[in-house]
Amino acid sequence: MAGMASKVKVPAGVDWGRVTGFQRRVFEALLRVPAGRVTSYAALARAIGCASPRAVGQALRRNPFAPVVPCHRVVTAAGTLGGFNGATSGPELERKRRLLAAESVHFSRDGRLAEPVRLLAVF
DNA sequence: AGACCCGGACGCG
DNA sequence: CGCGTCCGGGTCT
């Protein structure tokens, strides 16, 4: 029985044929993170058995299904925003912050997650 | 084959 | 506590 690990329904418009196997694993795992919660690159990597959080960031950067595949729900393990759409600061990051704010995920003035409890270490 | 990348852990000052 | 350093896996050229 292949693909039984996840019960998450694949949203319309998402075509796994357009991405690599690794990207698919990342995206499928990410689809389990609900609005109002976030996860980290490291946690996401762990969830799919990958030792390189950076490789996950790489996959998310090239996410062709945003925002259906919610790559904006991935922050750094330290609770800072991380990157978005190839940028680690500037307007793009502001966009990411606003997407999260719309899901009741807020950041303090020091740039860290206001409510760390919202970060799923495992999922 | 080489460079690049949306991170993270660790070591030091 | 804040920095520098190295490691890591995957993808693009």
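Per chain, numbering begins at 1; letters A, B, ... match sequence-line order.
Chain A approaches DNA chain C within less than 4.0 angstrom (heavy atoms of the protein), and the contacting nucleotides run 5' to 3' from dC7(C) to dC12(C).
Judged as a side chain to side chain donor-acceptor pair (under 3.5 Å), and not counting sequence neighbours, the contacts of Arg95(A) are Glu92(A). In this structure Arg62(A) satisfies the side chain to side chain donor-acceptor pair (under 3.5 Å) test with no other residue, sequence neighbours excluded. With sequence neighbours excluded, no residue forms a side chain to side chain donor-acceptor pair (under 3.5 Å) with Gln58(A). Taking Pro64(A) as the reference, Arg18(A), Val19(A), Phe27(A) meet the side-chain contact (heavy atoms from CB on, under 4.5 Å) condition, with sequence neighbours excluded. Taking Arg37(A) as the reference, nothing meets the salt bridge (charged side-chain N to carboxylate O under 4.0 Å, His left out) condition, with sequence neighbours excluded.
Applying the under-4.5 Å side-chain rule to Ile, Leu, Val, Met, Phe, Trp and Tyr, the cluster around Val117(A) consists of that residue alone.
Of the residues in residues 104-123 of chain A, not one places a heavy atom less than 4.0 Å from an atom of DNA chain B.
Side-chain contact between Leu44(A) and Phe123(A) is present, with at least one heavy-atom pair separated by less than 4.5 Å. With contacts defined as side-chain heavy-atom distances shorter than 4.5 Å, the pair Phe22(A)/Cys50(A) qualifies.
Within the structure, side chain to side chain donor-acceptor pair (under 3.5 Å) contacts touching residues 104-120 of chain A (residues at least two apart or in different chains) are Asp110(A)-Arg112(A), Glu115(A)-Arg118(A).
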Let me have the donor-acceptor pairs involving side chains of residues 66-81 of chain A, under 3.5 Å, with sequence neighbours excluded, atom names and distances please.
{"residue": "His72(A)", "atom": "NE2", "partner": "Glu103(A)", "partner atom": "OE2", "Å": "3.1"}
{"residue": "Arg73(A)", "atom": "NE", "partner": "Glu103(A)", "partner atom": "OE1", "Å": "3.0"}
{"residue": "Arg73(A)", "atom": "NE", "partner": "Glu103(A)", "partner atom": "OE2", "Å": "3.4"}
{"residue": "Arg73(A)", "atom": "NH1", "partner": "Val33(A)", "partner atom": "O", "Å": "2.8"}
{"residue": "Arg73(A)", "atom": "NH2", "partner": "Glu103(A)", "partner atom": "OE2", "Å": "3.0"}
{"residue": "Thr76(A)", "atom": "OG1", "partner": "Ala78(A)", "partner atom": "N", "Å": "3.3"}
{"residue": "Thr76(A)", "atom": "OG1", "partner": "Gly79(A)", "partner atom": "N", "Å": "3.4"}
{"residue": "Thr76(A)", "atom": "OG1", "partner": "Thr80(A)", "partner atom": "N", "Å": "3.1"}
{"residue": "Thr76(A)", "atom": "OG1", "partner": "Thr80(A)", "partner atom": "O", "Å": "3.3"}
{"residue": "Thr76(A)", "atom": "OG1", "partner": "Thr80(A)", "partner atom": "OG1", "Å": "2.7"}

Response to the item:
B/S/- along nucleotides 4-9 of chain B (protein heavy atoms under 4.0 Å) is BBBBS-
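For the pair Ser40(A) and Ala43(A), the tightest heavy-atom approach, listed with the atom from each and the gap, is OG-N, 3.0 Å. What you find for Gln23(A) and Ala59(A) is that their closest heavy atoms are CG-CB, 3.9 Å.
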Item to complete: Give the dot-bracket string for DNA chain B, reading 5' to 3', where a pair is Watson-Crick or G-U wobble with both distances under 3.5 Å, ( ) marks pairs inside the strand, [ ] marks pairs crossing earlier ones, | marks a partner on another strand, and . marks unpaired.
Response: |||||.|||||||
